[in-house]
Chemist: 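What follows is a single structure, and I will ask about it in a moment.
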Number of protein chains: 2
Amino acid sequence: MGRVTELELSAWRLFIKTHATIIESIEQDLADQKRVPLTTYDVLIALFEAPDRKLRFGELNQKVVLSKSGLTRLVDRLEREGLIQREKSQEDRRGAYAVLTHEGELQLRKAWPVYARGIKQYFAEPLSDDEMRSLKSAFTVISKALQSSHDKEEKPS
Amino acid sequence: MGRVTELELSAWRLFIKTHATIIESIEQDLADQKRVPLTTYDVLIALFEAPDRKLRFGELNQKVVLSKSGLTRLVDRLEREGLIQREKSQEDRRGAYAVLTHEGELQLRKAWPVYARGIKQYFAEPLSDDEMRSLKSAFTVISKALQSSHDKEEKPS
DNA sequence: TGACTTTTGTTGCGTAATCAACAAAATAAT
DNA sequence: ATTATTTTGTTGATTACGCAACAAAAGTCA
């Protein structure tokens with residue numbers, strides 16, 4: 001496989017550090033303006049984009065960076081806050097859906113401008129269109145590679 | 001400032017997701033092989049690269065993604081595990097240094113191959129040299145922008 | 001059908017991180 | 001000098017998350 005080169009290592013370090021700083025900044029902005037935090041946003045937007053604004057826990061779990069139990073507990077909290085609701089599935093009596101409520105959609109809409117501004121300001125603004133395209137394409141490549149390596153481990157056929 | 005474009009948003013999403021997956025994978029590999037986790041690694045490497053292998057808490061804090069108290073507690077643990085030691089500063093009797101121990105250096109060395117392999121496999125391998133260069137340059141740009149915006153807020157002069 | 005196996009979401013428990021409040025020392029101001 | 005301010009690292013309280021064990025329902029297969 002070969003050693004990690006200087007180039008790769010410095011790119012890696014920038015990648016990590018940049019990510020951390022951007023996320024931290026956006027999270028701070030959201031908190032300052034009393035908007036939902038990023039993890040919550042992720043859940044809400046996933047539901048918002050889903051048919052009927054609802055998803056099974058399993059599906060939701062794939063879209064969100066969180067463990068199974070982590071998701072259960074996040075949904076607990078969000079349900080308490082009235083942003084989503086549990087709805088037990090008819091077809092599969094084990095399972096349940098998480099459904100976006102009106103309040104949830106409202107909070108989603110209120111958070112978006114802040115979030116969007118953060119993405120623009122901290123992430124997009126400094127880059128040229130060309131750089132942004134390269135960035136996206138690089139991550140697409142990496143992402144595909146990750147998927148296939150993940151697939152391999154799931155199903156050793 | 002302008003809206004977030006489709007391109008920007010999809011790049012952003014890939015960025016977030018890829019980051020999460022890679023970190024998760026590396027963290028898993030480290031855990032599987034009973035090596036120190038990433039946060040610990042970050043502290044150890046920072047000390048390793050510092051003159052005399054020691055740093056004041058403040059300096060260390062700048063290199064690591066952690067709150068003040070978070071760092072205190074991480075150092076608590078690492079000291080308990082014998083990877084680093086506290087050494088109270090002579091010049092400034094409030095402060096203290098975190099010093100890398102032999103054991104700490106050993107663990108650092110043992111973790112590196114696993115970490116390096118992760119960087120290669122999940123991050124570097126899928127990219128061409130050109131793509132890697134673009135990636136690095138994009139992050140350099142972003143990173144610089146973040147710094148200067150941060151500076152502005154620190155010192156409104 | 002009846003006995004394994006797998007999937008789905010929840011729960012107990014331990015760990016780690018943050019914020020806010022703090023004490024001690026250093027620095028600045030008058 | 002004395003007082004006020006800032007910096008440095010720690011501590012208490014709270015919150016969030018992961019792992020492993022679990023119960024309940026589906027699915028598999030003989």
Side-chain angles (χ1 to χ4, degrees), chain A residues 20-21 23-32 34 36-43 46-47 54-81 83-99 154-156, chain B residues 20-21 23-32 34 36-43 47 54-81 83-99 154-155:
Chain A
T21 313
I23 294 294
E24 200 177 21
S25 305
I26 295 181
E27 203 76 80
Q28 190 62 57
D29 293 348
L30 287 166
D32 287 349
K34 306 264 200 299
V36 296
L38 278 177
T39 3
T40 297
Y41 186 90
D42 281 350
V43 168
L47 294 177
K54 67 182 184 179
L55 283 174
R56 284 291 296 266
F57 276 70
E59 308 175 280
L60 186 48
N61 215 155
Q62 291 175 339
K63 317 223 177 217
V64 170
V65 188
L66 220 51
S67 70
K68 233 170 10 150
S69 60
L71 181 58
T72 295
R73 275 159 177 146
L74 178 52
V75 169
D76 286 349
R77 275 174 275 144
L78 297 185
E79 196 169 26
R80 251 180 273 132
E81 295 168 25
L83 306 188
I84 72 183
Q85 266 195 303
R86 275 186 173 80
E87 176 186 303
K88 48 186 76 158
S89 164
Q90 301 306 121
E91 322 84 80
D92 183 341
R93 284 161 53 217
R94 286 168 303 183
Y97 288 93
V99 193
E154 294 287 306
K155 260 195 168 188
Chain B
T21 314
I23 293 295
E24 201 176 20
S25 306
I26 296 182
E27 203 75 79
Q28 189 62 56
D29 293 347
L30 287 167
D32 287 349
K34 307 264 200 300
V36 296
L38 279 178
T39 5
T40 297
Y41 186 89
D42 282 349
V43 167
L47 293 177
K54 67 181 184 181
L55 283 175
R56 284 291 294 267
F57 276 70
E59 310 173 280
L60 187 49
N61 215 155
Q62 290 175 340
K63 317 222 176 217
V64 169
V65 189
L66 220 51
S67 71
K68 230 169 16 145
S69 59
L71 181 59
T72 294
R73 277 164 175 141
L74 177 51
V75 170
D76 286 349
R77 273 175 275 141
L78 297 185
E79 196 169 25
R80 249 180 274 132
E81 294 168 24
L83 306 187
I84 73 183
Q85 265 195 301
R86 276 185 173 81
E87 176 186 303
K88 50 186 76 156
S89 163
Q90 301 306 121
E91 322 84 81
D92 183 342
R93 283 160 52 218
R94 288 168 300 185
Y97 288 93
V99 193
E154 294 287 306
K155 261 199 169 186

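Below, each value reflects all heavy atoms present in this structure, side chains not excepted, and no hydrogens, waters or symmetry copies. Chain letters run A, B, ... following the sequence lines, proteins first and then strands; every chain starts at 1.
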Chemist: Looking only at the side chain of B:Thr72 (C-beta and beyond, no hydrogens), which of the listed nucleotides C:dA20, D:dC19, D:dG9 gets closest?
Modeler: D:dG9

Chemist: Taking only side-chain nitrogens and oxygens of B:Thr39, does any of them come within less than 4.0 Å of OP1 or OP2 of C:dA17?
Modeler: yes

Chemist: With distance as the sole criterion, do the side chain of B:Ser67 and the base of C:dC19 form a donor-acceptor contact below 3.5 Å?
Modeler: no

Chemist: Round to the nearest Å and state the distance from B:Glu91 atom CD to C:dA25 atom C1'.
Modeler: 13 Å

Chemist: So, do B:Phe57 and B:Val75 sit near enough that their side-chain heavy atoms are less than 4.5 Å apart?
Modeler: yes

Chemist: Nearest-Å distance, CG (A:Asn61) to P (D:dC19)?
Modeler: 12 Å

Chemist: Is there a side-chain contact between B:Leu55 and B:Lys63, using heavy atoms and a 4.5 Å cut-off?
Modeler: yes

Chemist: Could you give the CD1-to-C1' distance, from A:Ile23 to C:dT18, as a whole number of Å?
Modeler: 17 Å

Chemist: In whole angstrom, what separates A:Leu78's CG from D:dC17's P?
Modeler: 10 Å

Chemist: Does A:Asp92 reach a base, just sugar-phosphate, or nothing at all? Heavy atoms under 4.0 Å.
Modeler: sugar-phosphate

Chemist: Please determine whether the number of non-hydrogen atoms from other residues, nucleotides or ligands lying under 6.0 Å from atom CD of B:Glu79 exceeds 12.
Modeler: yes

Chemist: Where the side chain of A:Arg94 is defined as all heavy atoms beyond and including C-beta, which of D:dA25, C:dC19, C:dT11 is the nearest nucleotide?
Modeler: D:dA25

Chemist: If you check the A:Arg93 side chain, which of C:dA26, C:dT18, D:dA25 turns out closest?
Modeler: D:dA25

Chemist: Can you check whether any acceptor in the base of D:dG12 is under 3.5 Å from a donor in the side chain of B:Arg73, or vice versa?
Modeler: yes

Chemist: Can you work out whether A:Lys68 or B:Glu24 has the more 5'-proximal nearest nucleotide on DNA chain D?
Modeler: B:Glu24

Chemist: Pick from A:Val99, A:Leu47, A:Thr40, A:Leu74: which one makes a side-chain contact (heavy atoms from CB on, under 4.5 Å) with A:Ile84?
Modeler: A:Leu47

Chemist: Using a 4.0 Å heavy-atom cut-off, does A:Gly70 contact any base of the nucleic acid, only the sugar-phosphate backbone, or nothing at all?
Modeler: sugar-phosphate

Chemist: Which of the following nucleotides, D:dC19, D:dT8, C:dC19, is nearest to the side chain of B:Arg56?
Modeler: D:dT8

Chemist: Can you measure B:Asp42 atom CG to C:dA16 atom P for me and round it to whole angstrom units?
Modeler: 15 Å

Chemist: Separation of B:Arg77 atom CZ from C:dA17 atom P, in whole Å?
Modeler: 5 Å

Chemist: Let me know the distance between CD of A:Glu87 and C1' of C:dG9, rounded to the nearest Å.
Modeler: 16 Å

Chemist: Please state how far atom CG in A:Leu71 lies from atom C1' in D:dC19, giving the value in whole angstrom units.
Modeler: 16 Å

Chemist: Would you say B:Leu78 and B:Arg86 make side-chain contact, with heavy atoms under 4.5 Å?
Modeler: no

Chemist: Closest-nucleotide mapping onto DNA chain C: is A:Tyr97 or B:Leu74 further toward the 5' terminus? I mean the 5' end.
Modeler: A:Tyr97

Chemist: For A:Leu66, which contact category applies under a 4.0 Å heavy-atom criterion: base, sugar-phosphate, or nothing?
Modeler: sugar-phosphate

